[in-house]
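Notes follow once the structure below has been shown.
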Amino acid sequence: EMSASLVGSEMCIRDSPKTAQKIYEITLMASRLVMMNLLWIVFVLLGGVVFGIVPATVVVVSIFRDDRVKDDEFSWVRLAWQRYFPAVRRFAGVSVIFSVLLIGAILAHQLPGVHDLIPAWLALLVVVLLTCLFLPYLAVNDAHFTIDRISLVKNSLLLPILWPLTSIRLVLTEAAMILLCWLVPGLLPFVAVSVPLYLATWLLTARWDRQLARSQPDRSLSRPVGAS
């Protein structure tokens, strides 16, 4: 019995560094997700909302994507700031169109005379398509490929239709986060955006990896395979 106890103690000692490492990694990722959520809010406000939502999302997703595919460590905050202002300039036109459509869909049912022309379900559908599908696809595609803006927007509009199962997962992820933040409102400024974007980055990057592995072994591409 004593020898069995000693063996069990030795196994616990050997496992404890692994447990401590796992706890450290989980804590580090949680703190980074909170940090990126706060940084996303800062970027959105810095861009005056209209010019901030799209580049803020693109930058945050690019950081998540780099963390997934690169082995070396890097400063998330410093790299995000380096990428933000070029993203604002690159996506200025897309930002205006996105913001007009999003704000229009949100306010459509509140404006007199407009709510009779635009049903509530249609306005909600536009909001879901823009925030839960178009924006994550746009950000991941931009992080994953070197592609011009017109092709990027076109692919980001088509892929949610071509990849329905992936799109459903994205919507369900966002719905789960909305429900969680509704139950615990204090989570809003800390994880409401970063967690869904992190999961969307993982889902879409994995989906692209499978697509590229099936269609073309050469991964040095200028544009997504299977999307014109």
Side-chain angles (χ1 to χ4, degrees), residues 32-66 76-77 79-111 122-145 147-160 167 170-171 173-178 180-182 185 187-205:
R32 284 176 167 177
L33 289 174
V34 170
M35 176 179 60
M36 296 310 292
N37 200 90
L38 295 173
L39 197 57
W40 184 88
I41 295 173
V42 171
F43 285 162
V44 170
L45 295 177
L46 194 60
V49 180
V50 171
F51 293 98
I53 296 177
V54 173
T57 304
V58 167
V59 168
V60 168
V61 166
S62 72
I63 299 298
F64 290 156
R65 193 254 178 187
D66 284 355
W76 288 33
V77 174
L79 190 58
W81 277 106
Q82 291 174 354
R83 293 176 176 178
Y84 174 68
F85 291 104
V88 171
R89 293 190 293 270
R90 173 171 162 78
F91 291 101
V94 177
S95 295
V96 171
I97 297 173
F98 176 88
S99 298
V100 168
L101 291 174
L102 181 61
I103 295 172
I106 294 173
L107 298 179
H109 206 60
Q110 309 298 326
L111 298 176
L122 181 58
L124 178 61
L125 179 62
V126 171
V127 171
V128 170
L129 290 176
L130 287 173
T131 58
C132 299
L133 295 177
F134 171 75
L135 195 53
Y137 274 98
L138 178 83
V140 173
N141 287 345
D142 182 68
H144 213 62
F145 300 99
I147 185 172
D148 64 89
R149 277 168 292 183
I150 295 177
S151 298
L152 178 64
V153 171
K154 184 168 64 174
N155 286 325
S156 302
L157 291 171
L158 290 175
L159 285 176
S167 299
L170 292 178
V171 173
T173 299
E174 188 63 43
M177 180 52 62
I178 291 173
L180 182 61
C181 290
W182 180 75
L187 294 176
L188 272 170
F190 301 110
V191 295
V193 176
S194 61
V195 170
L197 286 181
Y198 184 82
L199 295 175
T201 304
W202 186 87
L203 285 170
L204 291 176
T205 301

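Residue numbers start at 1 and run along the sequence shown.
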Qualifying residue for side chain to side chain contact (heavy atoms under 4.5 Å, CB included) with Leu102, from Leu107, Val126, Val127, Leu135: Val127
Heavy atoms from other residues, nucleotides or ligands near CH2 of Trp202 exceed 12 (cutoff 6.0 Å): no
Salt bridge (Lys or Arg N to Asp or Glu O under 4.0 Å) pairs, two or more places apart, involving residues 135-145: Arg90-Asp142
Candidate pair His144 and Thr205, rule side-chain contact (heavy atoms from CB on, under 4.5 Å), full reasoning: CA-CA 8 Å; His144 213 62; Thr205 301; 3.8 Å; yes
side-chain contact (heavy atoms from CB on, under 4.5 Å) assessment of Leu187 paired with Met177: CA-CA 10 Å; Leu187 294 176; Met177 180 52 62; 5.9 Å; no
Minimum heavy-atom distance between Tyr137 and Ser167, given as atom pair plus value: OH-OG, 2.9 Å
Parallel, tilted or perpendicular: rings of Phe98 and Phe134 (30°, 60°): parallel
ring-ring contact (aromatic ring centres under 6.0 Å, His included) partners of residues 32-58, not counting sequence neighbours, each pair once: Phe43-Trp81, Phe43-Tyr84
Side chain to side chain donor-acceptor pair (under 3.5 Å) pairs, two or more places apart, involving residues 44-55: none
Met36 side chain near Phe64 side chain, heavy-atom distance below 4.5 Å: yes
side-chain contact (heavy atoms from CB on, under 4.5 Å) assessment of Leu79 paired with Ile63: CA-CA 8 Å; Leu79 190 58; Ile63 299 298; 3.7 Å; yes
Evaluation steps, side-chain contact (heavy atoms from CB on, under 4.5 Å), between Asn141 and Leu159: CA-CA 10 Å; Asn141 287 345; Leu159 285 176; 3.5 Å; yes
Heavy-atom check, side chain of Leu39 versus side chain of Val60, under 4.5 Å: no
